[in-house]
Amino acid sequence: MALRLYDTKTGAIRDFQPLEPGQVSLYYCGATVQGRPHVGHVRSAVAFDILTRWLEASGYRVLSVRNVTDIDDKILEKSAASFRPDFQPQADYPAADPWFALAYRFEQAFTSAYDALGVRRPSYEPRATGHITEMHALIARLIEAGHAYPALDDSGDVYFDVRSWEQYGELTRQSVEDMQDAPDVDPRGKRDPRDFALWKGHKPGEPDSASWESPWGRGRPGWHLECSAMSTKYLGATFDIHGGGLDLRFPHHENELAQSAAAGDGFARFWMHNGMVTFAGEKMSKSVGNTISPEDMLAQARPTAVRYFLGQAHYRSQLDYRPGALQEAEAAVERIENFLSRALPQGDFAAVSELPQSFRDAMDDDLNVPAALAALHETVRAGNTALDRGEDASGAAGQVLAMLDVLGLRDVPEPDGGSGGPALEALIHLVQAQLERRAEAKAAKDYATADAIRSTLTAAGVEVEDTPSGASWSLRSGAAHG
RNA sequence: GGUGGGGUGGCCGAGUGGCGAGGCAGCGGCCUGCAAAGCCGUAUACGCGGGUUCGAUUCCCGUCCCCACCUCCA
């Protein structure tokens, strides 16, 4: 089976073939860095990270771009607010910052969150403010083609003319007539209320640093334009996949498509959208205030378990967070890890082997990760059965390692990752001494003493397991030690 | 009003016109000095009402409910 992907634009699963053999160009929308990330942002990144890994496992070279929107209304507003006399420092906004510093601080928070969950960095990560020239060129092409116009008032805005582009609405299969008018629609200098800004004229009171000269007056980029400008700059006028969260489908992606297509670019061949993360059934978002941060999750469970949770549902499904979900994910991850430490007691985790066909088929089927995980767990069970019979299971272990690589579950940095420091060294010696005492007690059939030692260790967060080759122990959430 | 996606066993979550994934939790068994881990077994699951069919959770019609987008949003 070859790779098939769901394309939002056609609403169908289609065979995927890249434009250029052997190479896939992928653009997906990153964050507007106006605040700290929540897990919804990270879920999207995990979804496209898994896509990238699967494409690479399938033999493609992947050229990936994820943008950073580092200027927008909210960034400017928050920065401006931080300079007012009534500014109250908060955890999110500890100090007064110029807009660019504020944006960069949050960009770093996003980077940290991605890194903490093993999301590999894209090939390029361009910022909107670094691509003003490309945006001007695109605006000029649109004006030239009769699809954009300077605002009819003196605002200095430049708008896309929705009525001039009859395909407008094709991505989300909506007609302009049926669209609900915004309740507080402000027509400004627009020909049609649905026309959207390509360029926003500089407003009095906004910092000079947040505007650039242009043929249409000083101003700054509109949100939708940047993605058109940057994706085609780095990937070409036509590229393979454009991704992002489902909430970006309209208006953001619809507008991108309109701009680029009206300018004559082929633009994206496939549109992929990940489902939302919900909390108690409701979309997680800043405006609702029901967000959970990656840090919140990492305080509850190991990074690998958090990543497993975020990746386990199909990427197009809604992912509902509820208490206990992370503990379930942790149990599933530990089951896999227990098998690996049984099957590979020497810790030979480089012995990666071929992927099972059932796993490949599942991933080829529009990245059916739930079915791929079923293949993974079946391999684990078969391996455990072999071990129970006294047979070798290194082959199954190698397959498990390969599957974990595709899912990105081996790239997640673990805080207790084995390398130690003096405190861990001391701990290892102390635990070993206790286990030796316990082994002596067991040999003497003094089970009362043996159990007392074990419960003392358990109470200290050290879990003890007896195996045919002696006792092994692990910290309550950490790597096993012989 | 428009557009798109859903309602699957205690929970999560795939999938399919007929042999009912997988995980987590529970119960029984094997193993263990006891545990843990592991293995085996186990459950009246497919919102509701019709229809098509030899047979529907899967197709069609109707109906109820939920979510997302139409405004900044991964």
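What you are looking at is a predicted structure, and each value in this text was computed from that prediction instead of being measured. Hydrogens, waters and symmetry mates are skipped; everything else that's a heavy atom, side chains included, is used.
Rounded to whole Å, atom C1' of B:G22 lies 7 Å from atom NE2 of A:H377. In this structure, A:L435 places its CG atom 18 Å from P of B:A36, rounding to the nearest Å. Rounding to whole angstrom units, NE2 of residue A:H224 and P of B:C70 are separated by 11 Å. Between the P atom of B:C11 and the CG atom of A:L319 lies a distance of 17 Å, rounded to the nearest Å. When rounded to the nearest whole Å, the span between CZ of A:R173 and P of B:C70 equals 17 Å. Counting to the nearest Å, the C1' atom of B:C11 and the CD atom of A:E328 are 6 Å from each other. The separation between A:D320 atom CG and B:G23 atom P is 22 Å, rounded to whole Å. The CD-C1' distance, from A:Q312 to B:C11, rounds to 12 Å in whole Å.
Considering only side-chain atoms of A:Y308, the nucleotide from B:A21, B:G23, B:G38 that sits closest is B:G23. Among the nucleotides B:A14, B:A68, B:C70, the one closest to the side chain of A:L246 is B:A68. When the nucleotides B:A74, B:A14, B:C40 are ranked by their closest atom to the side chain of A:T385, B:C40 comes out on top. The listed nucleotides are B:G38, B:A74, B:C40; the one nearest the side chain of A:H41 is B:A74. With distances taken from any side-chain atom of A:D247 to the nucleotides B:A14, B:C34, B:A74, the minimum falls on B:A74. Nearest to the side chain of A:D388, among B:G23, B:G38, B:A74, sits B:G38. Closest to the side chain of A:R335, from the set B:A14, B:G38, B:A74, is B:G38. Listed candidates were B:A14, B:A36, B:A74. Nearest to the side chain of A:E465 is B:A36.
Between A:Y234 and A:H131, the gap from one ring centroid to the other is short of 6.0 Å. Checked against the 6.0 Å centroid threshold, A:Y93 and A:F106 count as a close aromatic pair.
Separating the C1' atom of B:G28 from that of B:G17 is a span of 35 Å, rounded to the nearest Å. One P atom belongs to B:C30, the other to B:G22, and the distance between them is 24 Å to the nearest Å. Distance check on atom P: B:G6 versus B:C61 gives 15 Å, rounded to whole Å. B:G62 and B:G23 are spaced 39 Å apart, taking the P atom of each and rounding to whole Å. Separation of the C1' atoms belonging to B:U44 and B:G33 is 41 Å when rounded to the nearest angstrom. Comparing B:G9 with B:A43, their P atoms are spaced 16 Å from each other, to the whole Å. Nucleotides B:G55 and B:U16 place their C1' atoms 14 Å apart, quoted to the nearest Å. Separating the P atom of B:C31 from that of B:A36 is a span of 15 Å, rounded to the nearest Å.
Geometrically, A:R316 engages A:Y6 in a cation-pi contact defined by less than 6.0 Å to the ring centre and at most 45° from the axis. Taking the centre and axis of the six-membered ring of A:Y159, the NZ or CZ atom of A:R191 falls outside the cone set by 45° and 6.0 Å.
Backbone-only engagement by A:Q318 is indicated by non-hydrogen atom pairs under 4.0 Å involving sugar-phosphate atoms exclusively. Heavy atoms of A:Y447 sit under 4.0 angstrom from at least one base atom. Here A:K442 lies in heavy-atom contact (under 4.0 Å) with a base. A:G275 comes within 4.0 angstrom of a nucleotide base, judged by non-hydrogen atoms across all strands. Among the atoms of the strands shown, only primed sugar atoms or phosphate atoms (P, OP1, OP2) are found under 4.0 Å from some heavy atom of A:H314. A:G244 comes within contact range of the sugar-phosphate backbone alone, with a heavy-atom separation under 4.0 Å but no base atom that close. Within 4.0 Å of A:N368, counting heavy atoms only, lie sugar-phosphate atoms of the nucleic acid but no base atom. The residue A:R36 sits apart from the nucleic acid: no heavy atom pair falls under 4.0 Å. No contact: A:V42 has no heavy atom under 4.0 Å from any strand. Residue A:D73 is classed as having no contact, given no heavy-atom separation below 4.0 Å to the nucleic acid. Here A:V277 lies in heavy-atom contact (under 4.0 Å) with a base.
Within the structure, every side-chain polar atom (N or O) of A:R342 is placed at least 4.0 Å from both OP1 and OP2 of B:C39. Phosphate proximity of B:A14 to A:S317: present, with a side-chain N or O under 4.0 Å from OP1 or OP2. Taking 4.0 angstrom as the limit, A:N384 places none of its side-chain polar atoms (N or O) nearer than this to OP1 or OP2 of B:A37. In terms of phosphate contacts, A:R194 brings no side-chain nitrogen or oxygen within less than 4.0 Å of OP1 or OP2 of B:U71. One finds no side-chain N or O of A:K283 lying less than 4.0 angstrom from the OP1 or OP2 phosphate oxygen of B:A74.
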Going by atom type alone, with no hydrogens or angles, which donor-acceptor pairs under 3.5 Å involve a side-chain atom of residues 370-381 of chain A and a protein atom two or more places apart or on another chain?
residue : atom : partner : partner atom : Å
A:H377  : ND1  : A:L373  : O            : 3.1
A:T379  : OG1  : A:A375  : O            : 2.8

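Of the options A:D72, A:D73, A:T129, a side-chain hydrogen bond (donor to acceptor under 3.5 Å, both in side chains) to A:R220 is made by A:D73 and by none of the others.
Residue A:S175 is the one, among A:S175 and A:R316, whose nearest nucleotide of RNA chain B lies closer to the 5' end (criterion: closest heavy atom). Along RNA chain B, the nucleotide nearest A:F339 and the nucleotide nearest A:R322 are compared for position; the residue whose nucleotide lies closer to the 5' end is A:R322.
Not a single donor-acceptor contact under 3.5 angstrom links the side-chain atoms of A:E378 to the base of B:G22. Taking 3.5 Å as the limit, the base of B:G38 and the side chain of A:N338 contain no donor-acceptor pair of atoms between them. At a cut-off of 3.5 angstrom, counting only N and O atoms as typed in the model, there is no donor on one side facing an acceptor on the other between the side-chain of A:R249 and the base of B:C70.
Contact of the A:R438 side chain with the A:V464 side chain is registered, since non-hydrogen atoms from C-beta on lie closer than 4.5 Å.
Formation of a donor-acceptor pair under 3.5 Å by the A:N67 side chain with backbone atoms of A:G30 is found in this model.
Using a 3.5 Å distance cut-off with no hydrogens or angles, the side chains of A:S44 and A:N274 do pair a donor with an acceptor. Judged purely by distance below 3.5 Å, without hydrogens or angles, the side chains of A:T32 and A:Q34 never pair a donor atom with an acceptor atom.
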Problem - Intra- and inter-strand pairs of RNA chain B in dot-bracket (Watson-Crick or G-U wobble, both distances under 3.5 Å; | for another strand) - result: (((((((..(((.....[...))).(((((.......)))))....(((((..]....))))))))))))....
Practice task
Given salt bridge (charged side-chain N to carboxylate O under 4.0 Å, His left out), test A:D115 with A:R121 step by step and report yes or no.
Solution key: CA-CA 8 Å; A:D115 286 350; A:R121 304 208 178 164; 2.5 Å; yes
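Annotation: ring pair (Phe, Tyr, Trp, His ring centres under 6.0 Å) contacts of A:F339 (sequence neighbours excluded): none.
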